[in-house]
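Each remark here refers to the structure printed beneath this line.
A, B, ... follow the sequence lines: proteins, then strands. Residue 1 opens every chain. Remember, it's a predicted structure, so these values are computed and weren't measured experimentally.
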Amino acid sequence: MTRTNIALLVLITCVAALPLFGDAYALRLGTMACMYAIFALSWNIVGGFAGYPSFATAAFFGLGAYTTGILMNKGVPLTLSLLGSLVLCLLLAAALGAVLLRLRGHYFAIASLSLVEVFRELVNNATDLTGGGMGLNIPLVSGSSVLSDATFFFYAMWGLLLITALVVIAVSMSKLGFGLNCIRQNETASNMVGLNSTLYKAIAFGLSACFVGAAGGLYAAWVHYIDPSDVFDILYSVKPIVMALMGGLGSPLGVVCGAFVYLGLEEVVWRNYIQIHSGVLGVLIILLLLFLPHGLVSLHAGKIWRGLTGRKAKHV
Amino acid sequence: MLAIQVLINALVLGCLYACIAIGFSLVWGVLNVINLIHGSFIVLGAYLAWGAYNSLGLSPWYALLIAAPAFFVFGYLLQRLLLNRVITAPVLVTLTLTFGLDLILNNAMIYYFKADYRKLILNPPTGSISIFDVVVPVDRLIATASALALTFLLYLLLRRSKVGRAIVAVRLDRDAAVLMGVDVKSIYAIAFGLGAALAGCAGVLMALIFPISPLTSSAYLGKAFVVCVLGGLGSVSGALAGGILLALVEGVGSVYLGPAHAVTLSFVLLIIFLVVRPQGLLGRKGFE
Amino acid sequence: MPIWASNMHNGTPPVADHSMLELNGICAGYGEIQVLWGIDMAVRSGEITALIGSNGAGKTTLMRALSGLIPLTSGKYVSEGVDLSKASAAQMLAHGIVHVPEGRRLFGAMSIEDNLLMGAYSRSVSRSELNRDLDRVYTTFPKLRERRNQAAATLSGGEQQMCAIGRGLMSAPRLLMIDELSLGLSPLLVEQLVAALRQLNSEGMSILLVEQDVTTALDLCHHAYIMDMGRIVRTGQGAELLADPIIRDAYLGVLED
Amino acid sequence: TSSVASAQDVIRFGAPLPITGPLAPEAVKQQQGYDLWAEQANKAGGIDVGGKKYKVEIVYSDYQSNTPRSVQTTEQMITQDKVNFMFGPFGSGAAKAASTIAEKYKVPMLAATASSSQVYDQNYKYLFGTFTPNDTLTTPLTQLVKAKAADVKKIAILARNDLFPLAIAQEMEKSAKANGLEVVYFEKYAINTLDHSATLSQIKSLNPQWVFVTGYTNDLLLIRKQMVDQQMKAGVVTMIAGPAYQEFIESAGQSAENISSASWWHPAEQYNGKDIFGTTANFVKLFKDKYKLEPDYAHASAAVCGALFQMAIEKAGSLDRDKVRDELAKMDVVTFWGPVKFGANGQINSLEPPVFQIQAGKPVVLFPDAIKQGEFKLGVN
Amino acid sequence: MSKPGHEILHLSNVSRHFSGLKALSDVSLSVNKGEVVGLIGPNGAGKTTLVNTICGVTPASSGVVTFDGRDITRIKTYQSARLGLSRTFQIVQPFAEFSALDNVAAAALFSQPGESLKSAREAARVHLAFVGLDAQANQSAATLTLAMRKRLELAKALAMKPKLLFLDEVNAGLNSAEVERATKLIHQLAADGITIVMIEHLMKVVLNVCTRIAVLHNGKLIADGAPRDIIKDPAVVDAYLGQQYAQRNAARG
Ligand SMILES: Nc1ncnc2c1ncn2[C@@H]1O[C@H](COP(=O)(O)OP(=O)(O)OP(=O)(O)O)[C@@H](O)[C@H]1O
Ligand SMILES: Nc1ncnc2c1ncn2[C@@H]1O[C@H](COP(=O)(O)OP(=O)(O)OP(=O)(O)O)[C@@H](O)[C@H]1O
Ligand SMILES: [Mg+2]
Ligand SMILES: [Mg+2]
């Protein structure tokens, strides 16, 4: 295992200590942070390793949320419902991936983005099952205190993050990870050396969707009420990408750091600049892109200087 | 009768969609940048028309003459000073950059104009023409005509002019274009400026028809996406074809399936198009 | 009337010993990697000059430096009395120095004709003059006329090479630099190209070419430079080098055709 | 978020608002209502709690029109900003989601803009709302139309696919059917719809005498304009909530004429309240002085929420959340908003919402008879 | 060397169009095990397209391709690679960010089922050494010169343990001495029993290594036979070699 992967696991382990220090609100933030870290890590499988800029995170997040929500309303216990979300997203994404991942670059980005729209409208119009625009209530797991409830969901999300991280690390060291890397660099050549790129991409897309789906399910159980425009919010797709860029594309440690740093920034800005917080966030994103183009992971190396001066080997 | 009415509606609306999409398509096709700020540019253009009409009494036709150069300069500078720094970076970087820019511009508009809706009401109103039972609003007709004119101008520029060819060349192979003596940075800036100018003009025209608010920017952006893919990236005539196709699908879909499904339908169509014919209706094969 | 003379000196052939290029101690490279270590070289007006050397010697790098694609780290680069050491690609082009790069670098989605027109991008000439020049390229490479509206990316390797050279010619160069002239071309086409270059040269155009087929190169050129490890190791007249046993050993091999 | 005065003599209220995002216009209205109340309360020295005066301080935050954020910010206000009481976020969806947090922490929450019964059917103890159920708007409307326009037989209903607009459209469908009208068209439109021309052409071809549309102000403005463009005429055109808002009337101009609507409150009402604002007329005057515009029901509901909290706290004589909650549950009082009494589920059940119509550019109340200002006019061109 | 009846590749009436353009028309060709077939023809004749069609990159519009007795007309690219068909690209296609070593390792890894990354890298070293790139093993492919990338292509193709190897202009851009070295490599491969189809414009190489030559022109097969006969074939001279070449050749005897 590489040093950065070990660092990633250490980082995640440290996060587990949060309930020792924080109140319920801190736990809520922690839960959100874990959730976004799951998104960013998942996105990294298809966006970072395979180089396909996916905007489908929100689609599978929403799908997972609704699957769990509906199952729980039918009396299925939480864990089973989550498993249901996970498996459904895995299979559906793999199937869709086999078709959509024939597209490259921007075209794929748009197709994955439209998935969000299509899923949202489908859920919106399947009123009998999902409540449509009226939203869906998820039964309260009653009887627990505020803090124990918060702690439960925090650890549940954290656990999911840990599993995601382990899977991502395993992928990065495996033949699958190597293959995805090949696909990113040159797909024609990948096929030519005997790599079944359709299969690999489908697996990658499935993997990148299943944990997001499970996180969606957990989220639904946590907030008790979901509606289509909330869980199929395109920002769930955009933010993981910003996080991954901030942290450093392709590096699991980087994207998790990116997620934490981004959420921290967002929280601080949101609290302090009520009227102009999104503008301030925009400024921060731009500054980061301009001055840290290779993400936070580049900080440790001497690359910062290059990043600042923009001096790069020019290859024609 | 209903069928004819829906058809006419779709034709007119399709031209408006094309107008919304064309600058976006240009920037995407040429700079390879998905310009998320496009929707906000359109809204800004609409505010410009609204302001010019309400405070200066300037009719939207004159506002077009102001919007085009003003937005061109704005876009030009934005590209020169900011986007050019990351233009060679991967797709996602430029996308995120425009995302950040959009956050800023949209927030600024909300802050300055507030989020409530405004409406540009021409006095006297232009009304509608009706032939037999088919009705066409005059303002839409005018906007359509202007949209067609703008589209045609852009087409000429790209196809016939040297700058147009340079724009395409830069998009295809930056370094080779340098070898041809093209000043890449300024071509980028010109293309982005053109995109912005088209967005601004589209905004002026939209102000005649749709309520104005910073919040509509995402709806415009969504349409631009779909039209652009349906029609073919960077293709001017494609944008027109894509716009009309989208409007037709939406119109027919909303009559037969209900308006809520019209949107779903358009996105399903989009995905199908992407998978079977990524180059779009009129896009040329071999692109990307 | 010279064919490619749109901006040549009133049709009178330039004085033969006048230097088109004069390089003095040129160094260049990519980032931290230095590739060229002090190149001294002269390309005389109206001559064909060949640059040969083994793979990785730095020929392509030198051409890139000469056309302004990569900056010089040191050295002096003068062309006809004008110092171009710091000039940009556009300035080089304005000076009449045109580079047909290795790997063709065509505009893939553009038609052949648009590619050719791009070659004339930095010239300010009338449309009719452009058409005349286009016609000449098409006469030199009839295949291109046949396919004028086909996207360049879908051309075969050889067709792309023709298009690239055609594009270079459209810039009305005074010095045409061609990297890997015969790469991937059929023998017949190489023959035709060589003839075309001779013709161009006889009309006064200076040519600097990189060519792996040493026999063809030395046969064609007036003057040749041999590069190794980023340095010029030998220079002389083509025929003279062809007879040099050391050269024969290193570059010609024993395969006979 | 806010300047912290000495913590002793301040009561802090949390108000999550959708300051950015699609609901932003609503945030402005709510904030204006809350601010007006806070200003009045503080001008009078503050809220009297067992003889001691407490200043009112409202902590605002932006939940970006995003329901999860509204939940997050509610929790943040309760645990971090230590607010004493909560106002609900805008609309039914967010109020419903955020109320679970208030319930968990046992903080009384007054929702100013949540009408759908689904919000209250969770039987939470700490949630109260000042909007009556949706059918209290549609029933009087239908009856009025039945009474005044006997030839209205066919109705077309077009609703935004969103919690509140959809719920109210469904109520309309029910009450239309109950009153013997034929519903010839009932469809939802997607949230970001940019153009309605095909839908309207279809409705036109069905020749309904009553067109009933729900949506946000921008939707309604757009639909109204396209109706005019399509030269669509109908005996009755009802839009909810558009005509209740001044900005709709202004932007729609001539085309707003004769459009009918119903809402929970109207400035023409004439209540004589026990709350800090007293009469409805006084509230309208104070509001106009401060903001130079005519208040609508959204402004008023926000203000009355503050006034209700004030009354409950003063009556409880304590800041204890449970005591204040009990006072709210027991409340039975007249305010400038109307008589206030909450049902067992927390939703108000004492209001009789007015029906009104735009006539000569002004909203004119048609029902209830007590405050009636004019007669129902037929024909919308 | 060729054993009749031991046919490894067979094309019957293969055609391929690109929207109107007929890049290949009715090409029938067979290759026997152990042969080194030269495929020549003017630029744009359809040579690369032929290889692409056989490997499944641009499947045939009509016609049948069989490999080792198996119909592979509609095969996916990656499947053909696993069957033992490998090729080099005329326009080189490296994994630009990978080191030369990983480039070759990828080929070894994915073409053989059950290969591990570690053993693939070991195998890659051998192949890199074979093409003389061992010194550049850890250099990223983007920084290699064109000639090196060509050799890298060859190493990748070899790492796939091919039965049938297509070489698309591997010698282009090499100088004579290097061509000579490459020729030796090809001889060695042929000696190892790999069947080779090479596309080449350097006639001296073609004549030196090929046991048979097939000539394409405008998508049609215009000649197929022994090298000696082919270079005298007037149709080939006209379309491809040129009169000058023919004269020189004749002069040499
Ligand atoms: N973009 C680059 N970044 C770093 N090093 C490079 C780059 N391009 C080339 N090099 C190195 O520079 C040296 C010279 O390369 P160059 O391409 O100039 O050689 P060449 O003489 O043209 O060879 P060939 O005959 O193969 O074309 C080589 O060692 C090569 O590895
Ligand atoms: N994807 C494509 N779309 C359209 N035309 C194509 C495509 N690929 C190849 N062609 C055309 O098919 C013909 C054959 O091309 P091919 O690349 O096979 O030639 P080739 O024989 O390999 O030539 P060269 O020796 O120059 O490499 C050419 O005219 C080329 O323009
Ligand atoms: Mg070279
Ligand atoms: Mg070829």
**Fill in**
For D/Gln30, the side-chain hydrogen bond (donor to acceptor under 3.5 Å, both in side chains) test, sequence neighbours excluded, returns none

**Request:** Measure the CD1-OG distance between B/Ile8 and D/Ser201 for me, rounded to the nearest 0.5 Å.
**Result:** 10.5 Å

**Item:** side-chain hydrogen bond (donor to acceptor under 3.5 Å, both in side chains) contacts in which one or both residues fall within residues 223-232 of chain B, not counting sequence neighbours
**Value:** B/Lys223-B/Glu250

**Complete:** Pair count under 4.5 Å, heavy atoms only, with chain B: among D/Leu158, D/Asn161, D/Asp195, highest is D/Asp195

**Fill in**
Assert top hit (heavy-atom pairs under 4.5 Å, partner chain B, pool D/Ile191, D/Thr199, D/Leu194) equals D/Leu194

**Prompt:** side chain to side chain contact (heavy atoms under 4.5 Å, CB included) between D/Lys204 and B/Leu2: does it pass, once the steps are laid out?
**Reply:** CA-CA 9 Å; D/Lys204 184 182 174 191; B/Leu2 175 62; over 6 Å; no

**Prompt:** Given a strict heavy-atom distance threshold of 4.5 Å, which part of D/Tyr185 is in contact with chain B: side chain, backbone, both, or neither?
**Reply:** side chain

**Asked** Donor-acceptor pair, D/Gln202 side chain versus B/Val255 backbone, under 3.5 Å?
**Response** yes

**Request:** Residue by residue, scan residues 217-229 of chain D and write down, ordered by number, those that have a heavy-atom distance under 4.5 Å to chain B; if none do, write 'none'.
**Result:** D/Asn218, D/Leu221, D/Leu222, D/Lys225, D/Gln226, D/Val228, D/Asp229

**Prompt:** When only heavy atoms count and the cut-off is under 4.5 Å, which of residues 246-253 of chain D reach chain B?
**Reply:** D/Glu250, D/Ser251

For [X], is it the side chain, the backbone, both or neither that has a heavy atom under 4.5 Å from a heavy atom of chain D?
X	value
B/Ile20	side chain
B/Tyr111	neither
B/Asp139	side chain

**Item:** The single option from B/Val6, B/Val136, B/Asn9 passing side-chain contact (heavy atoms from CB on, under 4.5 Å) against D/Ser197
**Value:** B/Asn9

**Request:** In sequence, state the C-alpha distance, the side-chain angles, and the governing distance for D/Gln230 and B/Ser128, and then conclude on side chain to side chain contact (heavy atoms under 4.5 Å, CB included).
**Result:** CA-CA 7 Å; D/Gln230 304 265 322; B/Ser128 303; over 6 Å; no

Counting neighbours of [atom1] on [X] that are heavy atoms of other residues, nucleotides or ligands and sit closer than 6.0 Å, is the number greater than 12?
X	atom1	result
D/Gln254	CD	no
B/Tyr62	OH	no
D/Lys290	NZ	yes

**Asked** Taking all non-hydrogen atoms of both residues, which atom of D/Ala198 and which atom of B/Ser254 are closest, and how far apart?
**Response** CB-OG, 3.4 Å

